[in-house]
**Q** 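I'd like to ask you about the structure that follows.
All residue numbers refer to positions in the sequence shown, counting from 1.
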Amino acid sequence: MKKFSTLLLALTTAAALVACSSGSTAGNATVAETTTAAAGTTTTAAESESSGNENTDTEEESNPDESTAPESTAAGKSTESNEADTVDESTEETAAEAEAAASVDLACTVRVGSLKGPTSIGLVHLMDQAENGETQNSYEFTMVTAADELSSAIVAGNLDLVLIPANVASVLYNKTSGAISVIDINTLGVLDVVASDDSITSIADLKGKTIYMTGKGTTPDYAFHYLLDANGLSEDDVTLEFKSEATEVAALLKEEPDAIGVLPQPFVTAACAQNEALKIVLDLTEEWDAVQGESGSRLVTGVTIVRNDFLNQYPDAVTAFLADHAASAEYTATNPDETAELVAAAGIIEKAAVAKKALPYCNITCLTGEEMKSALSGYLQVLADQDLQSVGGAMPGDDFYLIP
């Protein structure tokens with residue numbers, strides 16, 4: 001009977017391990033209640049076994065026929081031995097099942113949020129795999145248009161992983177006192193200088209020019225000012241005209257042949273498609289790399305962050321996501337036709353043909369570990385040097401970066 005108790009506990013352990021959730025209180029309560037109930041059952045079984053032993057001892061002592069006792073005892077031992085063998089086999093099978101169940105704590109529903117844009121492009125293959133049941137994790141994907149929607153959702157515990165702008169991740173880290181960690185860089189720079197002037201081959205060639213862009217007081221503004229300064233120019237050497245939306249800049253580039261714009265992908269590709277004279281004259285990611293040298297800092301657009309509560313409860317599920325994300329990002333580079341169709345189907349870019357043209361310039365990646373830390377910390381330091389509030393009032397600590 002003690003082995004039956006072990007059986008019950010093994011089954012309970014297996015059930016608890018498989019009961020993977022996103023860390024909700026209700027889910028935890030259910031597992032706790034189940035464990036408590038199982039413990040109660042085990043106690044009852046033990047009490048029953050103890051009672052049974054006492055009854056057997058009494059019967060043996062009161063049996064006056066000593067000549068028949070050995071035969072009865074031998075038969076009882078034979079039956080008990082058969083039962084024990086059966087229980088041993090059952091217990092071994094249950095232990096194996098419990099061990100197998102312990103290895104599937106990955107089989108969680110991981111809730112992932114992303115922005116409708118380049119940061120989601122690296123996910124489309126993973127989205128397709130998840131829909132077809134080809135992933136170890138079970139995934140729920142949410143795509144929105146505003147970063148603050150993702151920030152509030154992960155703070156509230158309604159999402160587990162989100163892909164957001166790099167500086168927003170730092171702001172969120174400071175606001176939550178370190179309740180989130182960054183696990184990868186999903187997109188490097190997506191900003192380009194677009195013009196019809198072939199004479200522009202460096203940042204220095206922008207001196208005396210009027211440049212149209214969006215995002216005054218935001219990361220594109222800070223990054224562009226940094227590049228001007230790194231190339232010996234100041235704001236006095238150029239005229240910056242800020243517009244509220246990238247579509248306004250694209251319209252100006254179409255109407256004014258001599259206009260110069262700073263645009264993100266995929267607006268760059270769309271603008272060039274509307275005006276054959278336009279072209280990418282400067283890739284700001286390449287310009288950033290040129291002035292950084294061997295520092296490791298990169299121009300970063302998007303990162304992936306995780307709730308630390310979720311990370312602590314389901315570390316293997318996060319590890320599995322990183323592997324899935326890396327494979328999905330690699331797929332975008334090696335399968336442009338299929339990726340373009342998936343991007344269009346997801347509504348990120350309306351037409352697959354435009355998506356295919358934009359893909360090489362979107363800098364989709366999946367940087368992790370020390371490489372991620374060097375690239376991101378250097379980028380955030382550039383922003384902090386211009387406006388500390390752009391990173392949340394302080395540079396994030398080392399615990400901000402999840403290093404495997």
**Q** Provide the full list of ring-ring contact (aromatic ring centres under 6.0 Å, His included) pairs with a residue in residues 221-242, sequence neighbours left out, each pair given once.
**A**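 Checked against ring-ring contact (aromatic ring centres under 6.0 Å, His included) - neighbours excluded - the pairs reaching residues 221-242 are Y226-W288.
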
**Q** Checking side-chain contact (heavy atoms from CB on, under 4.5 Å) for the pair L115/L163: CA distance, chi angles, key distance, verdict?
**A** CA-CA 7 Å; L115 290 169; L163 287 71; over 6 Å; no

**Q** Between N275 and A277, is there a donor-acceptor pair closer than 3.5 Å when you use the side chain of the first and the backbone of the second?
**A**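 Yes.
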
**Q** For residues N167 and L380, report the shortest heavy-atom separation together with the two atoms involved.
**A**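 Heavy atoms only, the tightest pair is CA-CD2, 3.9 Å.
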
**Q** Examine the side chains of T304 and N186 and answer whether a donor and an acceptor come within less than 3.5 Å of each other.
**A**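 Yes - a donor-acceptor pair under 3.5 Å links their side chains.
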
**Q** What heavy-atom pair brings A169 and F400 nearest, and what distance separates the two atoms?
**A**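 Closest approach of A169 to F400: O-CE1, 3.7 Å.
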
**Q** Assess the side chains of T269 and Q265: does a donor N or O sit below 3.5 Å from an acceptor N or O?
**A**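 On atom types as modelled, these side chains qualify, holding a pair under 3.5 Å.
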
**Q** Show your reasoning for whether salt bridge (Lys or Arg N to Asp or Glu O under 4.0 Å) applies to K209 and D197.
**A** CA-CA 11 Å; K209 308 289 187 181; D197 188 349; 3.7 Å; yes

**Q** Does the side-chain contact (heavy atoms from CB on, under 4.5 Å) test come out yes or no for I280 and Y361, once each step is laid out?
**A** CA-CA 10 Å; I280 297 173; Y361 306 103; 3.8 Å; yes

**Q** Report yes or no: does S170 contribute a side-chain atom to a donor-acceptor pair with the main-chain N or O of A166 at less than 3.5 Å?
**A**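 Here the side-chain-to-backbone pair does not exist.
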
**Q** Minimum heavy-atom separation for Y379 and R298, please, with both atom names.
**A**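 Closest approach of Y379 to R298: CB-O, 3.2 Å.
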
**Q** Mark yes when over 12 heavy atoms from residues, nucleotides or ligands other than K373 sit less than 6.0 Å from its NZ; otherwise mark no.
**A**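 Atom NZ in K373 is crowded, with more than 12 foreign heavy atoms closer than 6.0 Å.
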
**Q** We want to know whether S120 and S114 form a side-chain donor-acceptor pair, criterion being a heavy-atom distance below 3.5 angstrom.
**A**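 Short answer, yes.
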
**Q** So, Q386 and S390: side-chain donor and acceptor under 3.5 Å apart, yes or no?
**A**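 Distance-only check fails for Q386 and S390.
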
**Q** List the atom of L263, the atom of L253, and the distance in Å for their closest heavy-atom pair.
**A**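 Answer, listing the atom of L263 first, then L253: CD1-CD1, 3.8 Å.
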
